[in-house]
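Positions are given from 1 along the sequence. Just the heavy atoms: all of them, side chains too, but no hydrogens, waters or symmetry mates, feed the values below.
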Amino acid sequence: NHETIVGDDRVRARYPAIADASSIVGSAATRATGTIGGNVMNASPAADTIAPLLCHDAIAVLRSRAGERRVPFSELFAGPGRTTAVAGELLVGIELAPSSPTTGGAYVRLEYRRQMEIAIVGAAALVRLDSGGRVDYARVAMTALAPTIQRVPAAEEALLGTDAGEAACHAAGEAVAAAASPISDVRGSANYRRAMAAVITRRAVAAAATRARGDDVRIPASDSTFGGRAGNEGSGS
């Protein structure tokens with residue numbers, strides 16, 4: 001369940017963006033009983049765990065009576081509430097790419113309340129720093145901004161070779177806003193979501209870079225970045 005994921009020291013150290021996401025899914029009761037597999041296969045464009053899993057190049061392990069197959073997350077989602085799993089297939093595992101000590105990740109969600117919230121806008125970021133403190137690997141994915149949760153290659157390219165500082169975070173945010181195709185509904189207009197996409201992405205990248213440098217950002221990162229500031233705010237879920 002999500003509670004177990006958040007409490008796992010290995011996840012918090014190597015895959016903190018996943019811990020960020022699992023720590024804010026639904027309510028405390030939801031997190032105590034709900035699973036990451038259920039969150040993924042629900043295939044909601046606003047699902048919290050999918051974006052960080054995409055950034056970690058996750059592979060879904062699907063099993064049926066016919067056998068087992070592995071599907072990259074980039075090929076798993078077909079639309080709102082729809083996956084490419086066929087009838088009779090069950091998600092039995094999720095495989096992740098290894099994460100190095102100089103890699104930092106974060107998931108940040110725009111929200112109106114602290115429990116039973118659905119992402120209005122969300123962003124996950126993953127950055128790896130070289131020996132000179134420059135980004136040599138980057139992943140950025142957006143939540144609740146398109147029919148499916150997806151990576152944004154233009155945002156990733158904007159980070160490569162930079163120090164992941166303010167200018168790079170701004171460029172990544174603008175790239176996500178440009179790639180977004182949000183809807184308008186009772187929870188927010190398309191224009192509002194697009195504007196907030198840039199803000200939330202900047203915060204996610206800043207938090208990811210802070211963690212990559214070895215500094216602390218509290219889980220969930222959404223709490224640490226609520227005031228537009230990431231890092232050095234204690235630990236705990």
Side-chain angles (χ1 to χ4, degrees), residues 6 11-12 14-25 45-58 73 99 102-111 117-129 135 137-146 149-160 162-180 182 188 192-213 215-233 237:
V6 176
V11 175
R12 296 170 72 92
R14 296 292 187 173
Y15 303 97
I18 298 173
D20 286 334
S22 281
S23 70
I24 57 176
V25 169
D48 290 306
T49 63
I50 294 174
L53 289 167
L54 266 172
C55 287
H56 282 289
D57 296 331
F73 265 47
S99 180
T102 58
T103 299
Y107 174 72
V108 176
R109 182 180 77 182
L110 175 64
E111 55 193 14
E117 180 62 292
I118 299 172
I120 303 158
V121 172
L126 186 72
V127 296
R128 186 180 66 198
L129 304 179
V135 178
Y137 180 89
R139 292 284 187 268
V140 177
M142 59 184 184
T143 298
L145 289 166
I149 296 170
Q150 54 194 253
R151 282 175 46 200
V152 185
E156 298 166 356
E157 292 168 8
L159 295 172
L160 291 175
T162 74
D163 62 355
E166 184 176 350
C169 291
H170 179 82
E174 291 304 306
V176 170
Y192 175 70
R193 282 187 162 103
R194 188 173 289 107
M196 290 301 99
V199 175
I200 296 303
T201 300
R202 290 199 300 267
R203 295 181 181 184
V205 173
T210 298
R211 286 171 170 166
R213 297 183 188 108
D215 295 325
D216 184 58
V217 174
R218 183 179 58 204
I219 292 172
S222 293
D223 284 355
S224 297
T225 66
F226 185 76
R229 174 173 165 270
N232 301 317
E233 296 192 29
S237 57

Correct closest heavy-atom pair for A204 and A123 would be CB-O, 3.6 Å

If you round to the nearest 0.5 Å, how far is CG of L145 from OG1 of T201?
-> 7.5 Å

Non-hydrogen side-chain atoms of Y15 and S99 separated by less than 4.5 Å = yes

Hey, could you give me the CD/OG1 distance between E157 and T162, rounded to the nearest 0.5 Å?
-> 12.5 Å

Quick one: side chains of residues 164-173, donor-acceptor pairs under 3.5 Å with protein atoms, not counting sequence neighbours, listed by atom name and distance.
none

Do you know which two heavy atoms are closest between R202 and E174, and how far apart they sit?
-> NH1-OE2, 4.3 Å

Identified side chain to side chain contact (heavy atoms under 4.5 Å, CB included) partner of C55 from the options V127, V140, L126 = L126

In this structure, CD1 of I120 is separated from CZ of R193 (nearest 0.5 Å) by 7.0 Å

Nearest heavy-atom neighbours spanning V121 and A197 = CG1-CA, 3.7 Å

Residue set satisfying side chain to side chain donor-acceptor pair (under 3.5 Å) with R211, at least two apart, ordered chain then number -> D20

Drop me the distance from L53's CG to D48's CG, to the nearest 0.5 angstrom.
-> 11.0 Å

Any donor-acceptor pair under 3.5 Å from S23 side chain to V6 backbone = no

Under 3.5 Å donor-acceptor, R194 side chain and A178 backbone = no

Grab the two heavy atoms, one from A106 and one from A208, that are nearest each other, plus how far apart they are.
-> CB-N, 3.7 Å

To the nearest 0.5 Å, how far apart are CD1 in I50 and CD1 in I18?
-> 12.0 Å

Kindly give the heavy-atom pair with the smallest separation between G104 and A212, and that separation in Å.
-> N-CB, 3.5 Å

Interatomic spacing from OH in Y137 to CG in L159 - rounded to 0.5 Å | 12.5 Å

Please name the pair of heavy atoms, one in Y107 and one in G122, separated by the smallest distance, quoted to 0.1 Å.
-> OH-CA, 4.0 Å

Side chain to side chain contact (heavy atoms under 4.5 Å, CB included) between T143 and R109, worked out = CA-CA 8 Å; T143 298; R109 182 180 77 182; over 6 Å; no

Given R151 and D57, is the side chain to side chain contact (heavy atoms under 4.5 Å, CB included) satisfied, shown in steps?
-> CA-CA 10 Å; R151 282 175 46 200; D57 296 331; 4.1 Å; yes

